[in-house]
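Working notes, structure below.
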Number of protein chains: 2
Amino acid sequence: MNNNSGNDKTMTIHDVARELGVSASTVSRAISGKGRIGAATRDRILAYIEEHGFYPNAAAQSLAQSRTNNIAIILPEVNTLVDMPFFHTCMYGVEEVAQANDYDIIVVTTNGNDTKPLERLIKNRKVDGMILTRTYENDKYVKFLKQKQIPFVAVGKFPDDDVVQVDHDNVGACKELVTVLFAKGIQNIAYLGSNMDQMVNRCRYQGYEEAYRKGKRKLNQDLVYKDLSSRAMVEKAVEELKNSGVECILCQDDYICDEVVRKLARMGVRIPDQMKVASCHYSRILENYPVTITSLKFNITELGRRSCQVLLDMIHGKTVPDKTLLDYEIILKESTKG
Amino acid sequence: MNNNSGNDKTMTIHDVARELGVSASTVSRAISGKGRIGAATRDRILAYIEEHGFYPNAAAQSLAQSRTNNIAIILPEVNTLVDMPFFHTCMYGVEEVAQANDYDIIVVTTNGNDTKPLERLIKNRKVDGMILTRTYENDKYVKFLKQKQIPFVAVGKFPDDDVVQVDHDNVGACKELVTVLFAKGIQNIAYLGSNMDQMVNRCRYQGYEEAYRKGKRKLNQDLVYKDLSSRAMVEKAVEELKNSGVECILCQDDYICDEVVRKLARMGVRIPDQMKVASCHYSRILENYPVTITSLKFNITELGRRSCQVLLDMIHGKTVPDKTLLDYEIILKESTKG
DNA sequence: CTGAAAGCGCTTACAG
DNA sequence: CTGAAAGCGCTTACAG
């Protein structure tokens, strides 16, 4: 097994070459699979390598080939029970396909402003590409990465066509959800959102709006709250909506949904009899309620996987689709019954 | 600003050397700060580098110095609302001090069994050290890392003295919490836990036990549940405890606490009047209850930071403490009032 | 099909 | 204090 015969210095390609009576070039070719090499020689070398657990020095490969087999995943600084699991799960997906392709992921957290950490990573040549997991309307990082000409994919939807994007079809999903709710006979649906500078939130609102247009219904702006940045604001919105006699509240995400459900409970308003509720993004938070909540369900791990796959394709010079839109599910539950 | 005068090839140390009329060695010395160099020369070189945004090629540095300026953070595969934020937050902490020291972090997720991904990282020489964020009683990864002789720190407490550990003082914290509850006049306190193979859970239980011993109280094993691996089991335990007339339930973590609080609500049992509740680990989940919960509070970001700091110290050859124990806070809230 | 040689971009004894 | 040279461990035209 562990035969470090004599010295414990880490093995190099030359060691195996000497041991096998071939040249280092040949060993290199056997490992990389590039260049012509006799099948017998190749097999002999591979067998030796396997048996002795030789792994080539990544830095040397990196230097010789100008590639690192690392990609960066850029995470925003978040701390809510909705956001953390999202990015963590997405990261899992990315890592899964990265691993499968012998890539490693370097995690870098951004504060939304500073590009220095990315710059260092790029200029030091520590990564071959990057995945930007949250995007804003006027995204500083997108601009930066475009300018740096490094392969990258953005999770999110953009007007810019020169940015490779992977995302769930948030627009289509919300549109369909609202359309379905209309079809169930619900007359008016309010929208509660926040942080409209994030692309994901813009998309959701856009879907909501499109459903109104598609249904040829007039969208009353009194039913729309786009800037609920605090619990108090959500509560106030819920009170106003209750008084306005709206039938259903569509929440941009489970963070808002959580506040809405609690507020309604405190107000003694029963879901769905006295108020229906739906959320644009299913997370485990929703599992905690006595009443199950209608929502959209996205496969976040898959989002990570696909983003990574697209990025790797880019890195390897394949042509990739500008936009990859992932599927969604509409989960109808008690909260919109009746 | 951006003066790629003519060619866009990335700058090397030789380019700046030529431009400044010095040798590459001198430039290298200016950058690294190692070796003797004239202050004037150094400043001139540094100024040039700063102005032209030169960053040394990491692979070349890596190869020449046998160090990567990367560390790996090993994460377990988790998906609960309690675990994900914990590891994510810990990762933030690690990254923060890594960044500050010009290190990058490579994330690798483990399934608890396979050591291949770690092996590859080590043998490829892609990292200088590792942080193991969850530890088990008989930890396969700990064994593996010890054998590989790579610098690493484990988050968690171990019997082994040859493993560098950084952790909150879970034993001391739980012990103190229980002692305080006793001091409040509570006569008997039940313990609800699970997954006793994880070191963190063993520590918490140990603290609980020690508090009993310290208080010279007899610990009735009917009050102890160590293997609540499902919601149903927690519910059953809560029912039994309610019937047994116990006064207070100590939950190993907020995952269990969550189940306990909900179950009590469904049973119509009021907290704290009819049952007191405390948790060994504060997370945001607790913020969602109508009644505030007594708990231990740990600073997870700091846990990450310290782990990383200790690891970097090891890598740089400093002597580090075998065990670093971080502080905790006891947060007394309504749930144990009266 | 295989090997010798140059090169990737740094660092670091060794001279001076 | 500074430079020329060898070396880190690979890869890859170039010959043969």
Side-chain angles (χ1 to χ4, degrees), chain A residues 7-46 48-49 52-70 102 120 122-128, chain B residues 7-46 48-49 52-70 102 120 122-128:
Chain A
N7 63 345
D8 200 26
K9 299 268 12 107
T10 38
M11 214 184 305
T12 74
I13 219 177
H14 288 100
D15 296 326
V16 355
R18 184 177 354 93
E19 215 60 37
L20 259 33
V22 297
S23 76
S25 333
T26 303
V27 176
S28 175
R29 281 190 277 257
I31 294 173
S32 68
K34 285 184 269 182
R36 308 205 60 74
I37 185 175
T41 329
R42 186 193 348 95
D43 293 348
R44 204 158 56 94
I45 295 172
L46 259 22
Y48 183 93
I49 282 173
H52 295 259
F54 167 74
Y55 288 72
N57 181 308
Q61 288 188 120
S62 220
L63 184 56
Q65 302 183 85
S66 310
R67 57 121 194 88
T68 63
N69 274 32
N70 290 147
D102 269 310
R120 192 174 59 74
I122 295 173
K123 301 267 248 168
N124 277 336
R125 317 253 124 185
K126 286 193 92 162
V127 296
D128 300 333
Chain B
N7 64 347
D8 201 27
K9 298 267 13 108
T10 38
M11 215 185 305
T12 74
I13 218 176
H14 288 100
D15 296 326
V16 355
R18 183 176 354 93
E19 216 59 38
L20 259 34
V22 298
S23 75
S25 333
T26 304
V27 175
S28 175
R29 281 189 278 255
I31 295 173
S32 68
K34 286 185 268 182
R36 308 204 60 73
I37 185 175
T41 330
R42 188 195 344 96
D43 294 348
R44 205 157 55 93
I45 294 173
L46 260 21
Y48 183 93
I49 282 174
H52 295 259
F54 167 75
Y55 288 73
N57 181 308
Q61 288 188 122
S62 221
L63 184 57
Q65 301 184 87
S66 311
R67 58 121 193 89
T68 64
N69 274 32
N70 290 147
D102 269 309
R120 193 174 59 73
I122 295 173
K123 300 267 247 168
N124 277 334
R125 316 252 124 187
K126 286 193 91 163
V127 297
D128 299 333

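Just so it is clear, the model here is predicted, and its values are computed rather than measured.
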Exercise for review: Starting from the C-alpha separation in whole Å, work towards a yes-or-no answer on side chain to side chain donor-acceptor pair (under 3.5 Å) for B/S23 and B/T26.
Suggested key: CA-CA 5 Å; B/S23 75; B/T26 304; 3.1 Å; yes
The side chain of [X] lies closest to which of these nucleotides: [options]?
X     : options               : answer
A/I37 : C/dC10, C/dT2, D/dC1  : C/dT2
A/H14 : D/dC10, C/dG9, C/dT12 : D/dC10
A/S23 : D/dC10, C/dA4, C/dC1  : C/dA4
A/S25 : D/dC10, C/dG3, C/dG9  : C/dG3
A/R36 : D/dC10, C/dC10, C/dT2 : C/dT2
B/A64 : D/dC10, C/dT2, C/dC10 : C/dC10
B/L63 : D/dG9, D/dC10, C/dC1  : D/dG9
A/T12 : C/dT2, D/dT2, D/dG9   : D/dG9

Exercise for review: Hunt down the Watson-Crick or G-U wobble partner of D/dA4, both distances under 3.5 Å, from any strand shown, or write none.
Suggested key: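 Checking every strand shown, D/dA4 finds no partner, since no pair has both distances under 3.5 Å.
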Point to revise | Non-hydrogen atoms of A/F54 and A/M11 that approach each other most closely | key: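 Heavy atoms of A/F54 and A/M11 come nearest at CE1-O, 3.4 Å.
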Quickly work out the [X] [atom1] to [N] [atom2] distance and round it to whole Å.
X      : N      : atom1 : atom2 : result
A/Y55  : D/dC10 : OH    : C1'   : 18 Å
B/R29  : D/dA4  : CZ    : P     : 11 Å
B/I31  : C/dT11 : CD1   : C1'   : 11 Å
A/Q65  : C/dC8  : CD    : P     : 15 Å
B/Q61  : C/dT11 : CD    : C1'   : 9 Å
A/I45  : C/dG3  : CD1   : P     : 8 Å
A/K126 : C/dG9  : NZ    : P     : 18 Å
A/K34  : D/dC14 : NZ    : C1'   : 17 Å

Review point. Just by modelled atom types, is the A/D102 backbone N or O under 3.5 Å from a matching donor or acceptor in the A/N69 side chain?
Key: yes
Review point. Checking all strands, does B/S28 fall into the base, sugar-phosphate, or nothing category for heavy-atom contacts under 4.0 angstrom?
Key: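 If one applies the 4.0 Å heavy-atom cut-off, B/S28 turns out to touch a base.
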Check your understanding: Under 4.0 angstrom, heavy atoms only, what part of the nucleic acid is A/T41 near: base, sugar-phosphate, or nothing?
Key ->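 Sugar-phosphate, no base atom in range.
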Check your understanding: Taking the nucleotide of DNA chain D with the closest heavy atom to each, which residue, B/G21 or B/S66, is nearer the 5' end?
Key -> B/G21
Measuring only between side-chain heavy atoms, which start at C-beta, is [X] closer than 4.5 Å to [Y]?
X     : Y     : value
A/N57 : A/T12 : no
B/R29 : B/T41 : no
B/H52 : B/D15 : no

Review point. If the C1' atom of C/dG16 is compared with that of C/dT12, how far apart are they to the nearest Å?
Key: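 Looking at atom C1' only, C/dG16 and C/dT12 are 16 Å apart.
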Check your understanding: Has the side chain of B/R125 got a donor or acceptor atom sitting under 3.5 Å from an opposite partner on the base of D/dG9?
Key -> no
